[in-house]
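Excluded from the calculations below are hydrogen atoms, water molecules and symmetry mates; all remaining heavy atoms, backbone and side chain alike, are included.
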Amino acid sequence: QVQLVESGGGLVQAGGSLRLSCATSGRTFSRYAMGWFRQAPGQEREFVAAVDWSGGTTDYANSVKGRFTTSRDYAKSTVYLQMNSLKPEDTAVYYCAVDIQPPKFGLNVMAYSYDYWGQGTQVTVSS
């Protein structure tokens, strides 16, 4: 089992920044890929970003490329999502997730590929 706890969400004006954190426990953090997803009201959960077990490979949705950065801190067993230049359309509940069996090459971008999920943290961007 893996436990995930997100934090760092809140209300921010357009153009502002937030950093989300996802603290993990229960399994060896360094073994698995980590992903970030978001879900707006009435919308399906969508991929935002992912990072492999080493931290050396990342992937981003086109809508956030150049604005969001994900990274991981092995000492703290925590993964981060730095969000800059936020837009109202970034408003959603953000979730982190663990992929126990990532592909040999690349990262999974589909929610069903991820095995454990946090409870989510609300991000609201005002115009």
Test of understanding: with side chain to side chain donor-acceptor pair (under 3.5 Å), list the residues that count as partners of S25, not counting sequence neighbours. Q3
Restricting to non-hydrogen atoms, name the atom on D59 and the atom on L107 that form the minimum distance, rounded to 0.1 Å. N-CD1, 3.8 Å
Please check if the side chain of D115 supplies one atom and the backbone of I100 the other of a donor-acceptor pair under 3.5 Å. yes
Would V51 end up clustered with V2 when hydrophobic side chains under 4.5 Å apart are linked, directly or stepwise? yes
Is any side-chain heavy atom of E46 less than 4.5 Å from a side-chain heavy atom of R38? yes
Is the side chain of T124 donor-acceptor paired with the backbone N or O of L11 at a distance under 3.5 Å, no angle test? no
Applying disulfide (SG to SG under 2.5 Å), which residue pairs with at least one partner in residues 34-76 are found, sequence neighbours left out? none
Taking all non-hydrogen atoms of both residues into account, name the closest pair between Y60 and T69 and its distance. OH-CA, 3.3 Å
Pairs flagged by ring-ring contact (aromatic ring centres under 6.0 Å, His included) wherever residues 65-93 is involved - sequence neighbours left out: F29-Y74
Whichever hydrophobic residues join F37 through chains of side-chain contacts under 4.5 Å: F47, V93, Y95, V109, M110, Y112, Y114, W117
Sorted by first residue and then second, give each disulfide (SG to SG under 2.5 Å) pair with at least one member in residues 6-76; sequence neighbours left out. C22-C96
Gap separating the OG atom of S30 from the CZ atom of R72, nearest 0.5 angstrom: 7.5 Å
For the student: nearest non-hydrogen atoms of V48 and Y94, plus distance: CG2-CE2, 4.3 Å
Shortest non-hydrogen separation from P103 to D99 and the atoms involved: CD-OD2, 4.3 Å
Give the intermediate values and the outcome of side-chain contact (heavy atoms from CB on, under 4.5 Å) for residues L81 and R19. CA-CA 6 Å; L81 184 67; R19 188 177 80 157; over 6 Å; no
Quick one: side chain to side chain donor-acceptor pair (under 3.5 Å) partners of N84, sequence neighbours excluded? S17, Q82
Is the side chain of S113 donor-acceptor paired with the backbone N or O of A111 at a distance under 3.5 Å, no angle test? no
Is a side-chain donor or acceptor of T24 paired with a backbone partner of S77 at a separation under 3.5 angstrom? yes
Work out which heavy atom in R67 is nearest to a heavy atom in L86; give both atom names and the distance. NH1-CA, 3.8 Å
Closest heavy-atom pair and its distance - N108, P102: ND2-CA, 4.0 Å
Spell out, as yes or no, whether a donor-acceptor pair under 3.5 Å connects the side chain of D52 to the backbone of G56. yes
Give a yes or no on whether the backbone of V125 and the side-chain of T91 come within a donor-acceptor separation of less than 3.5 Å. yes
Counting C-beta onward and ignoring hydrogens, is there a side-chain heavy-atom pair between L20 and M83 closer than 4.5 Å? yes
